[in-house]
Amino acid sequence: MKLYLNIIPKEEKYMKKYLLTTEEKQQWMQEYYFAPRGMAFLEPGIVGPDSPKVASYNVAKSFYQTRPDVFNLKRVSEITGIAIKEVKSRLQRMYDERILMLVKNSAVGVFGFGLWYWVVKMKDDCPAEEKQKMTDWIQNNNEICTGFMCDSGDFDYYCGNHMRVLDNLLVGVLDHIKKNPWVEYVHICPVRRDLRESSVNQFDIKGDDFRKFVFSDEAKKRLLEHTDKIDAQDFAIIDALNNTESAADLFDFDVLEELSGLSASQMKEDCEEIMNHGRFLINMIFLNFMKLGLNNHCYLVRMFQNVPSYRKEQIMDELAQNPDFNNIFEFTDSYHDCILMAYEEITDTKALFDQIASYPEVEEILEANSPRQFRRWTARLDDDKDQWEMCVFTDDVLQNRMENASKVCPLCESEE
C-alpha cells in the first residue's frame with residue numbers, strides 16, 4: 001500500500017532549528033549515546049567476540065540449551081512468584097520447542113562494520129518456484145546475517161549484512177540477486193540507527209531505556225489469547241530475563257564459574273563494564289514469533305528529501321515510544337528512511353499506519369507481511385531443517401570478494 005502526502009504548514013513543535021550559522025549547529029547529535037553519523041566508525045574500547053570480557057555470554061551460550069540454570073533463576077522467581085524449579089522447567093521446554101534463543105547483539109558500527117540492509121521486490125508475475133529458489137538461496141548464504149521473507153505486499157525481502165567493505169556485499173550477495181531475471185529492484189538501506197529489535201530497545205534508542213523489553217499490555221493480552229505455545233507465566237519469565245536493571249542480572253555467575261572454571265566475580269564485572277557502561281553489546285532473549293503463529297507487518301517509509309536529519313531523528317524517537325513496534329531501523333543514504341514492524345495478529349496495524357502517516361514529512365509508506373525470519377543476526381532460525389541456532393560469523397575485511405573470479409558466493413554451497 002502506498003501513501004503520498006503533501007507537506008502542510010503546522011505549528012513548530014521544537015524551538016531549536018540547529019542552523020549551521022548558529023551555535024545550535026549539529027547539537028542534536030549530542031542527545032544520543034552514539035551520534036547518528038552514517039555507517040561504520042570503528043571506536044576504541046570495543047572487545048572482540050572471543051575476548052575474556054565476553055566470557056559470561058560465551059559460557060552461557062554454550063550451556064543454556066541444557067542448563068537453564070545459567071540464568072538468574074532466583075531473581076526470576078522473586079519477580080514472577082514462580083518456583084525456581086518451575087522456572088527452570090519452563091525455560092527448558094521453551095528452548096526445546098524453539099520458542100526462545102539467547103542471543104548477543106552488537107553495535108556493529110562501533111566495531112567498524114557497516115550495517116547494510118536491502119529490500120528486494122520480485123516481479124509481479126514471478127512464479128512461486130522461482131521465489132522459493134531465492135528464499136532458499138538467502139537462507140543458505142552465510143554472509144546474510146539476518147532478514148525477513150514477505151509473502152504479500154509491496155516488497156518480498158528485507159535482509160541485512162554487517163560488512164566492512166561495501167564492494168564485498170555487492171559482489172558476494174547483491175550482484176547475484178540483481179542478475180536474477182525475476183527481480184524488479186534491489187534497494188540498499190544502510191542503517192543509521194538501530195532502535196529496537198525483537199521488542200528490545202537497542203543501542204541507538206534515545207534516553208535510558210537501552211536494553212528494555214517493551215510490550216504493551218494490550219498486545220500481551222492478545223498474544224496469550226492467540227497462541228497456546230506460551231502462557232502468562234512463560235511470558236513473565238521472558239519479561240523478567242529481558243528487563244534487568246543491570247545486564248549482569250541475567251546470569252547466575254556461580255553456575256557460570258562451575259561450568260567454566262572462570263572467576264564469577266570477574267565475569268560479572270566484565271559483563272557490567274561492556275554491556276551497562278560500554279553499551280555496544282546486549283545479551284537478550286529472542287522470542288521466536290514464528291513459533292507463536294505471528295506475522296510481522298512491515299512499514300517501509302520514505303520521507304520527503306528536504307526533511308533535515310535532526311527532524312528525522314525526532315520522528316524516529318517519537319515512533320519508538322510506541323511499544324507495538326517490535327523492530328525499528330532508521331536508514332541513511334537510501335531511497336527509504338526507515339522500516340518499522342508490528343505483529344499483525346496482536347496489534348492494530350491500521351492505527352500504526354495512521355500514526356506514521358500523520359507526519360507531514362512522510363511521502364510514501366510501503367507495506368508487506370512477513371511470516372518468516374531467516375536468522376537472528378548470524379544464528380539460523382530454520383529448525384525444520386535441524387539448523388536451529390547454527391551460526392557462522394564472517395568478517396569480510398579478511399577477504400577481497402572482487403578477486404574471486406567465480407560468480408558463486410564463496411560461502412554458499414552451490415550457485416542454486
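Computed from a prediction, not measured in an experiment: that's the story for all the values here.
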Within 45° of the axis and under 6.0 Å from the centre of the six-membered ring of Phe210, does NZ or CZ of Arg279 qualify?
yes

Determine whether Glu330 and Val191 satisfy the following criterion, side chain to side chain contact (heavy atoms under 4.5 Å, CB included), listing intermediate values before the conclusion.
CA-CA 6 Å; Glu330 184 205 344; Val191 172; over 6 Å; no

Heavy-atom closest contact (Ala320 atom, Ile205 atom, distance):
CB-CD1, 3.8 Å

Can you find a side-chain donor-acceptor pair between Asn140 and Arg380 that sits under 3.5 Å?
yes

Take Glu225 and Arg222 through the test salt bridge (charged side-chain N to carboxylate O under 4.0 Å, His left out) and record every step on the way to the result.
CA-CA 5 Å; Glu225 293 172 347; Arg222 292 186 183 184; over 6 Å; no

Could you walk me through whether Leu91 and Leu73 satisfy the side chain to side chain contact (heavy atoms under 4.5 Å, CB included) test, starting with their C-alpha distance in whole Å, then the side-chain angles of each, then the deciding distance to 0.1 Å, before giving a yes or no?
CA-CA 10 Å; Leu91 283 171; Leu73 303 186; 3.7 Å; yes

Check: Tyr310/Gln27 side-chain N/O donor and acceptor closer than 3.5 Å:
no

Hey, is CG on Asp208 packed in by over 12 heavy atoms from elsewhere, all under 6.0 Å?
no

Do Tyr117 and Tyr158 have their ring centres less than 6.0 Å from each other?
yes

So how far is it from Thr244 OG1 to Ile79 CD1, rounded to the nearest 0.5 Å?
9.0 Å

Just wondering, are more than 12 heavy atoms of other shown residues or ligands nearer than 6.0 Å to CG in Asp386?
no

Any donor-acceptor N or O pair under 3.5 Å, side chains Glu344, Asn296
no

Should we count CD of Glu245 as having more than 12 external heavy atoms under 6.0 Å?
no

Going through the checks in order, is the side-chain hydrogen bond (donor to acceptor under 3.5 Å, both in side chains) test met by Gln355 and Asn322?
CA-CA 10 Å; Gln355 181 186 2; Asn322 190 331; 2.9 Å; yes

When you compare the side chains of Arg376 and Ser198, does any donor N or O come within less than 3.5 Å of an acceptor on the partner?
yes

Distance, nearest 0.5 Å, that separates CG of Leu102 from OH of Tyr64
5.5 Å

Asn369 and Asp151 side chains, donor-acceptor separation under 3.5 Å:
yes

Measure up the Phe374 and Tyr157 rings against each other and bin them: parallel (under 30°), tilted (30 to 60°), perpendicular (over 60°).
parallel

Lys312 and Val307 have their tightest heavy-atom pair at CE-O, 3.5 Å

Measuring centre to centre across the rings, with the benzene-like ring taken for any Trp, is His176 within less than 6.0 Å of Trp137?
yes

Does a donor on one side chain sit under 3.5 Å from an acceptor on the other, for Asp125 and Trp182?
no

Ring centroid separation for His336 and Phe331, is it under 6.0 angstrom?
no

Tested for side chain to side chain contact (heavy atoms under 4.5 Å, CB included) against Arg90, the lone hit among Ile238, Ile230, Asp231 is Asp231

Rounding to 0.5 Å, atoms CE (Met303) and SG (Cys338) come to a distance of 4.5 Å

Would you name the heavy atoms of His226 and Gly293 that are closest together and state the gap between them?
NE2-O, 2.9 Å

Going by atom types alone, do Asn142 and Arg375 pair a side-chain donor with an acceptor below 3.5 Å?
yes

Side chains of His277 and Glu272: do they bring a donor and an acceptor to under 3.5 Å?
no

Examine Arg98 relative to Tyr95 and say whether NZ or CZ is less than 6.0 Å from the centre of the six-membered ring and inside a 45° cone about the ring axis.
yes

Parallel, tilted or perpendicular, as decided by the 30° and 60° cut-offs, for the rings of His187 and Tyr335
tilted

Under the side chain to side chain contact (heavy atoms under 4.5 Å, CB included) rule, what do Glu97 and Lys291 come out as? Steps first, then yes or no, please.
CA-CA 8 Å; Glu97 295 180 3; Lys291 282 292 183 177; over 6 Å; no

Rounded to the nearest 0.5 Å, what separates atom CG in Asp337 from atom CD1 in Ile315?
8.5 Å

Please test Glu313 against Arg193 for salt bridge (charged side-chain N to carboxylate O under 4.0 Å, His left out), starting from the C-alpha separation and ending with a verdict.
CA-CA 9 Å; Glu313 307 312 320; Arg193 293 173 66 199; 2.8 Å; yes

Considering non-hydrogen atoms only, spot the tightest contact between Ala40 and Gly114 and give its length.
CB-N, 3.6 Å

Are Leu256 and Leu262 close enough that some pair of their side-chain heavy atoms sits under 4.5 Å apart?
no

Residues Asn141 and Gly172: closest non-hydrogen pair is ND2-O, 4.0 Å

Which class fits the ring pair Phe215 and Phe235: parallel under 30°, tilted 30 to 60°, perpendicular over 60°?
perpendicular

Show your reasoning for whether salt bridge (charged side-chain N to carboxylate O under 4.0 Å, His left out) applies to Asp217 and Lys221.
CA-CA 6 Å; Asp217 292 338; Lys221 177 176 177 289; over 6 Å; no

Supply the atom-to-atom distance Arg302 CZ to Leu366 CG, rounded to the nearest 0.5 angstrom.
10.0 Å

Pair Lys131-Asp156, salt bridge (charged side-chain N to carboxylate O under 4.0 Å, His left out): steps then yes or no:
CA-CA 9 Å; Lys131 183 172 180 180; Asp156 294 275; 3.0 Å; yes

Check Phe203 against Ile282 and note the closest heavy-atom contact, atom names and distance.
CE2-CG1, 3.5 Å

So how far is it from His297 NE2 to Asp324 CG, rounded to the nearest 0.5 Å?
13.0 Å

Determine whether the side chains of Ser199 and Asn326 contain a donor N or O and an acceptor N or O closer than 3.5 Å.
no

Do Phe155 and Tyr185 make the cut of ring centroids closer than 6.0 angstrom?
no

Quick one: do the Ser263 and Ser265 side chains pair a donor with an acceptor below 3.5 Å?
yes

When you compare the side chains of Tyr32 and Asp317, does any donor N or O come within less than 3.5 Å of an acceptor on the partner?
yes

Is it the case that more than 12 heavy atoms not belonging to Gln26 sit under 6.0 Å from its CD atom?
no

Got a sec: does the NZ of Lys229 have more than 12 other heavy atoms crowding it under 6.0 Å?
no

Check whether the side chains of Asp383 and Gln387 place a donor and an acceptor atom closer than 3.5 Å, and report yes or no.
no

Test: salt bridge (Lys or Arg N to Asp or Glu O under 4.0 Å). Region: residues 256-269. Which pairs qualify, not counting sequence neighbours?
Arg67-Glu258

Do other residues, nucleotides or ligands put more than 12 heavy atoms under 6.0 Å from Met290 CE?
yes

Would Phe286 and Leu381 count as a side chain to side chain contact (heavy atoms under 4.5 Å, CB included) if you check the C-alpha gap in whole Å, the side-chain angles of each, and the deciding distance to 0.1 Å?
CA-CA 11 Å; Phe286 164 68; Leu381 300 176; 3.7 Å; yes

